[in-house]
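Structure, as structure tokens:
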Protein chains: 2
Amino acid sequence: MANQLSQLDQVFSALADPTRRAIVMRLCAGEASVGELADPFDMALPSFIKHIRVLETSGLVLSEKSGRVRTCRLSPDALLGAEDWFQRQRAIWEARLDRFEAYVMKLKKEKERAAAKRPSRATKKKGS
Amino acid sequence: MANQLSQLDQVFSALADPTRRAIVMRLCAGEASVGELADPFDMALPSFIKHIRVLETSGLVLSEKSGRVRTCRLSPDALLGAEDWFQRQRAIWEARLDRFEAYVMKLKKEKERAAAKRPSRATKKKGS
DNA sequence: CAATTGGTTAGCCATGTAGCTAACTATAGA
DNA sequence: TCTATAGTTAGCTACATGGCTAACCAATTG
């Protein structure tokens, strides 16, 4: 039935469009009406409204209509959720780097220890 | 000619797909061959390779072929760039919240000061 | 009430994306 | 050298996306 996209799918795909990213950036600075948001863009209103709907269904933006004007504001949770994904990946990545560094260190120490025990082979200058 | 998408566009759009996000997560833990990466997925190889190419052109993944096996690894820069975007937006958002809070504080203080000057109006219990 | 403003719905079109199969190249191993 | 393995190319289909125009509410305003 309903396409069951994860929240992250929708958030990233929403942010993949420069128009929508610009809307989000604008809304970070405070809420605004659809017309105000649309103004800087050279685009027919219906096209623009589609972008807003994408942002809404992704959970990045909330809006409510009062009278004939709809006011949009950012919903920071979705944004934080996405930022969080990056932080988790970075944590894994950095842990790996640390392990790698530790591994290199261990190799180095072992080599040094081996060199200390029989100082002949590795440290020998050159000849047979 | 070439479609001139920004790096952010490509990175976010690459990460909008759960398969590609899984690949990135896998690569955070260390490099892997195309076959190893493809293994957990129930998908024809050519389809899978397309995902890898998307990740490569977005700059998230690097790969090189040696013999008949292509080894892929993460290129953290693109990932960091995207994470950075979130942090900048959050900074703007938080600055706004701070200003808003300061504004509320100012209102509160002014109200208190006014109340101190003529303690009649605001603090009066009820009647005319 | 009539006209304007702000937004919305419906529907069209071109392009992009995700998946597939079939057929191919090139290296590694027996 | 023959065969299996790892990946790649080509080409197809179905569906999603981003843009448009035209027509349509529904509040405000004159």
Side-chain angles (χ1 to χ4, degrees), chain A residues 1-24 26-27 30-73, chain B residues 1-24 26-27 30-73:
Chain A
M1 309 266 175
N3 209 344
Q4 186 63 332
L5 290 211
S6 90
Q7 168 103 331
L8 268 186
D9 287 24
Q10 296 191 66
V11 168
F12 282 134
S13 132
L15 293 177
D17 183 282
T19 301
R20 291 194 291 257
R21 261 193 333 271
I23 296 175
V24 167
R26 169 58 242 275
L27 288 180
E31 57 182 39
S33 74
V34 169
E36 284 165 3
L37 288 173
D39 199 51
F41 297 95
D42 184 21
M43 184 184 297
L45 236 213
S47 318
F48 186 80
I49 288 187
K50 274 194 195 171
H51 286 298
I52 294 204
R53 291 186 87 92
V54 170
L55 288 169
E56 280 194 293
T57 65
S58 79
L60 281 165
V61 165
L62 299 174
S63 76
E64 59 194 314
K65 197 163 180 175
S66 122
R68 65 183 165 177
V69 36
R70 173 174 300 279
T71 304
C72 304
R73 66 182 204 282
Chain B
M1 302 287 169
N3 209 347
Q4 184 64 330
L5 289 211
S6 89
Q7 168 105 331
L8 267 187
D9 286 25
Q10 296 192 66
V11 168
F12 281 135
S13 131
L15 294 178
D17 183 282
T19 301
R20 291 192 292 256
R21 251 179 359 257
I23 296 175
V24 168
R26 168 60 241 275
L27 289 180
E31 57 183 39
S33 73
V34 169
E36 283 166 4
L37 288 174
D39 198 51
F41 297 94
D42 185 20
M43 183 183 297
L45 237 211
S47 318
F48 186 80
I49 287 185
K50 274 196 196 168
H51 286 298
I52 293 203
R53 292 187 88 89
V54 170
L55 288 169
E56 280 194 291
T57 65
S58 79
L60 281 165
V61 164
L62 300 174
S63 77
E64 58 194 314
K65 195 163 180 175
S66 125
R68 65 184 166 176
V69 35
R70 174 174 301 277
T71 303
C72 304
R73 64 181 205 280

**Study point:** Exercise: identify the closest heavy-atom pair between A:Val61 and A:Cys72
**Key:** CG1-CB, 4.1 Å
Study note, to complete from the structure: Atom CZ of B:Arg53 and atom P of D:dA10 are separated, to the nearest Å, by 10 Å
Check your understanding: Taking the side chain of B:Arg70 as heavy atoms from C-beta outward, which of C:dG7, D:dG7, D:dG18 is closest to it?
Key -> D:dG7
Practice item. Could you tell me the separation between the CG atom of B:Leu15 and the P atom of C:dT17, rounded to a whole number of Å? Key: 15 Å
Revision key, fill the gap. By nearest-heavy-atom nucleotide on DNA chain D, the more 5' of A:Ser13 and B:Thr71 is B:Thr71
Practice item. Look at all strands and tell whether A:Ser33 reaches a base, only sugar-phosphate, or nothing, counting heavy atoms closer than 4.0 Å. Key: sugar-phosphate
Write out a two-atom table: protein N or O, nucleotide N or O from nucleotides 26-30 of chain D, distance below 3.5 Å.
unit_1	atom_1	unit_2	atom_2	d
D:dA27	N3	A:Arg68	NH1	3.0
D:dT28	O4'	A:Arg68	NH2	3.3

Review point. What distance do B:Leu55 atom CG and B:Leu62 atom CG have between them, rounded to the nearest 0.5 Å?
Key: 11.0 Å
Could you pull out every donor-acceptor pair under 3.5 Å between side chains of residues 7-19 of chain B and any protein atom, sequence neighbours left out?
unit_1	atom_1	unit_2	atom_2	d
B:Asp9	OD1	A:Arg21	NH1	3.0
B:Asp9	OD1	A:Arg21	NH2	2.7
B:Asp9	OD1	B:Ser6	OG	2.9
B:Asp17	OD1	B:Thr19	N	2.8
B:Asp17	OD1	B:Thr19	OG1	3.4
B:Asp17	OD1	B:Arg20	N	3.2

Check your understanding: Between A:Phe41 (CZ) and D:dC20 (C1'), how many Å, whole number?
Key -> 18 Å
Check your understanding: Does a nitrogen or oxygen in the side chain of B:His51 sit under 4.0 Å from OP1 or OP2 of C:dG19?
Key -> yes
Check your understanding: Given C:dA18, is OP1 or OP2 found less than 4.0 Å from the side-chain N or O atoms of B:Ser47?
Key -> no
Point to revise | Length of the line joining B:Asp17:CG and D:dT17:C1', which is rounded to integer Å | key: 15 Å
Dump the pairs, protein N or O against N or O of nucleotides 11-14 of chain C, anything under 3.5 Å, distances to one decimal.
none

Review point. Distance from A:Leu45 atom CG to A:Asp39 atom CG, nearest 0.5 Å?
Key: 10.0 Å
Show me, pair by pair, the donor-acceptor contacts under 3.5 angstrom made by side chains of residues 30-37 of chain B, not counting sequence neighbours?
unit_1	atom_1	unit_2	atom_2	d
B:Ser33	OG	B:Glu36	N	3.1
B:Glu36	OE1	B:Ser33	N	3.1

Check your understanding: D:dG7 C1' sits how many Å from B:Lys65 NZ, rounded?
Key -> 5 Å
Review point. What distance separates B:Thr57 OG1 from B:Ile52 CD1, expressed to the nearest 0.5 Å?
Key: 12.0 Å
Review point. Got a sec, which residues hit side-chain hydrogen bond (donor to acceptor under 3.5 Å, both in side chains) with B:Ser63, two or more places apart in sequence or on another chain?
Key: B:Glu56, B:Arg70
Review point. CZ of A:Phe48 versus P of C:dT8: gap in Å, rounded?
Key: 11 Å
Study note, to complete from the structure: B:Asp42 atom CG is separated from C:dA18 atom P, nearest whole Å, by 17 Å
Check your understanding: Which pairs with one or both residues in residues 44-73 of chain B pass ring pair (Phe, Tyr, Trp, His ring centres under 6.0 Å), sequence neighbours excluded?
Key -> B:Phe41-B:Phe48
Practice item. Grab the CD1-P distance between A:Ile49 and D:dG19 for me, whole Å please. Key: 14 Å
